[in-house]
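Have a look at the structure below before the remarks.
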Number of protein chains: 2
Amino acid sequence: MKVLLVEDDQFHASFLQDALAEALPDVTEIFHAADGAAGEEEARQSGIEAIVMDLQMDRRNGIEAARTIWAERPQSRILFWSNYADEAYLRGIAAIVPDDSAYGYILKTASRDRLKLALRAVLVEGQIMVDREIHRLQKRGTAPRTRLDDSEFAVLLDLALGLQDRLIAERRGMSLRTVQNRLLSLYEKLEVHSDLDERLTLNKRVRTLNRALATRTLNIETLDAAQRDLEAWLAGRM
Amino acid sequence: MKVLLVEDDQFHASFLQDALAEALPDVTEIFHAADGAAGEEEARQSGIEAIVMDLQMDRRNGIEAARTIWAERPQSRILFWSNYADEAYLRGIAAIVPDDSAYGYILKTASRDRLKLALRAVLVEGQIMVDREIHRLQKRGTAPRTRLDDSEFAVLLDLALGLQDRLIAERRGMSLRTVQNRLLSLYEKLEVHSDLDERLTLNKRVRTLNRALATRTLNIETLDAAQRDLEAWLAGRM
DNA sequence: AAATCCGTTGCGGAAACTCGCAACAGCTCT
DNA sequence: AGAGCTGTTGCGAGTTTCCGCAACGGATTT
């Protein structure tokens, strides 16, 4: 069995390599890549189907790499291994995981035993395994009141990029007023006016981005990726 | 000699401990804290004057911890050890370092040898040592055209928190129009209109925050800290 | 001392944003 | 079928933001 590790932090990579050798004795070869682009290349080259993937990497992040890997070989098993329990990552993964492929999401703060368990479950057994810590995010207190639906999230991304209402409407195929309604519910759900002093009037748009970052609904890599999507859309528009 | 390590990532901490023992044989005791608050406490308790400090930590980040430590014992020697070369961190450190105390800033991607060198230089010799990689930031291409001055940076922080022009003016003691002038130069320096399609009209405020994050002029921890400052100011205002 | 430069400030208009009100369409429940 | 709910859309008013124009004051140069 061949396994690919995609991880840019040297310490984490060697720890991982260690745990992997310990947990999966039948691993014959361990490949290593230090960023998403190299990871894609390696997976393609060596025909690898079991991958441990860091999410936060410079040149190309784990989600983008996973997307192309899954596009080429949907049966690949990928265990995501990340520092943060960011909702942004979860949404990104949920959007790209093929129907019947195995994947997992585990935090770097998890114990060595938990990591080894996840390695076996996902890479060998082909199960789906999500760290409880992370799963908690998905339904924030069962209250759908604060949970963003997909169209709200899409508008949030566009807002975060700095698009104006009119352009968001065009891009997402909504009317101007509908976009504004989405914004209103974003303001509500992200508690844009109530989190600081009640009497303060803020710039709601900026505050929304600020709150989305603070609550880990968005993170900088997501913004980066969203910007690339936007550029592609812009290129196709004219 | 006693040294305190403040570092929340277990792998990094043990690597650091290793390198430290190797580089500084006359270290008698190594203390360890997993976040800024614990670090402050430990430094106070044990009367420590040589510290290696991670910047990005959950409960209380390295800069805040360093501020209180330096406030209590200005001669403390602190080597900051961070994943990222973010301008935000540099500004934070520059703002709090006492006149004649030793400090350093080195990246986690630096080689073991470089780390050991920095440990000796800062903690033992009391030198000031900044990773070249980081120093490059400080004067982005010698062109002060893109460099933000302090008052621009202050306005950027307020903008990022979502404050309106009027309130920024009040907080920073400027007229409304002056605040707007600062904003204009921020838009200019962060290339708010030219980085995407030239013809696109964007929401400049949001785009400014987006660009500041993308260029690592700001990061999420900085926003967090700025928010706490703001709350303190608000409390004192009424 | 005069000329020049640069940052600050006020004024005013165009554009964008927030949001209440109301009409409307599709749906679910009885 | 009718009542009620929910999401979409248009209109319009009040704010906020962006920014050109111009006046002013202090500092520097000639």
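Chain identifiers are assigned alphabetically (A, B, ...) following the order of the sequence lines, protein sequences preceding nucleic acid strands; residue numbering begins at 1 within each chain.
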Protein-nucleotides 9-12 of chain C N/O pairs closer than 3.5 Å?
| from | atom 1 | to | atom 2 | distance (Å) |
| --- | --- | --- | --- | --- |
| dT9(C) | OP2 | S175(B) | N | 3.1 |
| dT9(C) | OP2 | S175(B) | OG | 3.2 |
| dT9(C) | OP2 | T178(B) | OG1 | 2.3 |
| dT9(C) | O5' | S175(B) | OG | 3.1 |
| dG10(C) | O6 | R177(B) | NE | 3.2 |
| dC11(C) | N4 | R177(B) | NE | 3.2 |

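- The phosphate of dG7(C) (OP1 or OP2) has no side-chain N or O of R182(B) nearer than 4.0 angstrom.
- For CG of D58(B), the number of neighbouring non-hydrogen atoms (other residues, nucleotides, ligands) closer than 6.0 Å is 12 at most.
- A straight line from CD of Q164(B) to C1' of dC17(C) spans 11 Å, rounded to a whole angstrom.
- With sequence neighbours left out, the salt bridge (Lys or Arg N to Asp or Glu O under 4.0 Å) criterion links E64(B) to R228(B).
- Per the geometry, CD belonging to E188(A) stands 13 Å off P belonging to dG7(D), to the nearest Å.
- At a cut-off of 3.5 Å, with distance as the only test, a side-chain donor of T222(B) or N219(B) sits close to an acceptor on the other residue.
- One interatomic measurement links the two molecules: CG of L159(B) to C1' of dC18(D), which rounds to 13 Å at whole-angstrom precision.
- The phosphate of dC17(C) (OP1 or OP2) has a side-chain N or O of N203(B) nearer than 4.0 angstrom.
- Under 3.5 Å, the side chains of N203(B) and R207(B) contain no donor-acceptor pair of N or O atoms.
- Judged as a salt bridge (Lys or Arg N to Asp or Glu O under 4.0 Å), and not counting sequence neighbours, the contacts of D131(A) are R114(A).
- For E72(B), the CD atom counts as densely surrounded, since its 6.0 Å shell holds more than 12 non-hydrogen atoms of other residues, nucleotides or ligands.
- As rounded to whole Å, 12 Å separates atom P of dC19(C) from atom CG of L186(A).
- If you measure from atom CZ of R207(B) to atom C1' of dA16(C), you get 18 Å, rounded to the nearest angstrom.
- One interatomic measurement links the two molecules: OH of Y187(B) to C1' of dA16(C), which rounds to 12 Å at whole-angstrom precision.
- Within 6.0 Å of atom CD in Q75(B), more than 12 heavy atoms from other residues, nucleotides or ligands are found, so the atom counts as buried in its surroundings.
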Can I get a per-line list of side-chain donor-acceptor pairs under 3.5 Å for residues 98-107 of chain A, giving both atom names and the distance, sequence neighbours left out?
| from | atom 1 | to | atom 2 | distance (Å) |
| --- | --- | --- | --- | --- |
| Y105(A) | OH | Y84(A) | O | 3.0 |

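- Atom NZ in K204(A) sits about 16 Å away from atom C1' in dT17(D), given to the nearest Å.
- Applying the side chain to side chain contact (heavy atoms under 4.5 Å, CB included) test to Q164(B) and every residue at least two apart in sequence or in another chain returns T201(A).
- Between the two ends of the helix from dA1(C)-dT30(D) to dT30(C)-dA1(D), each summarised by a five-pair axis, the helix axis turns through 30° (rounded to 10 degrees).
- The nearest whole Å value for the distance from the CG atom in L183(A) to the C1' atom in dT8(D) is 15 Å.
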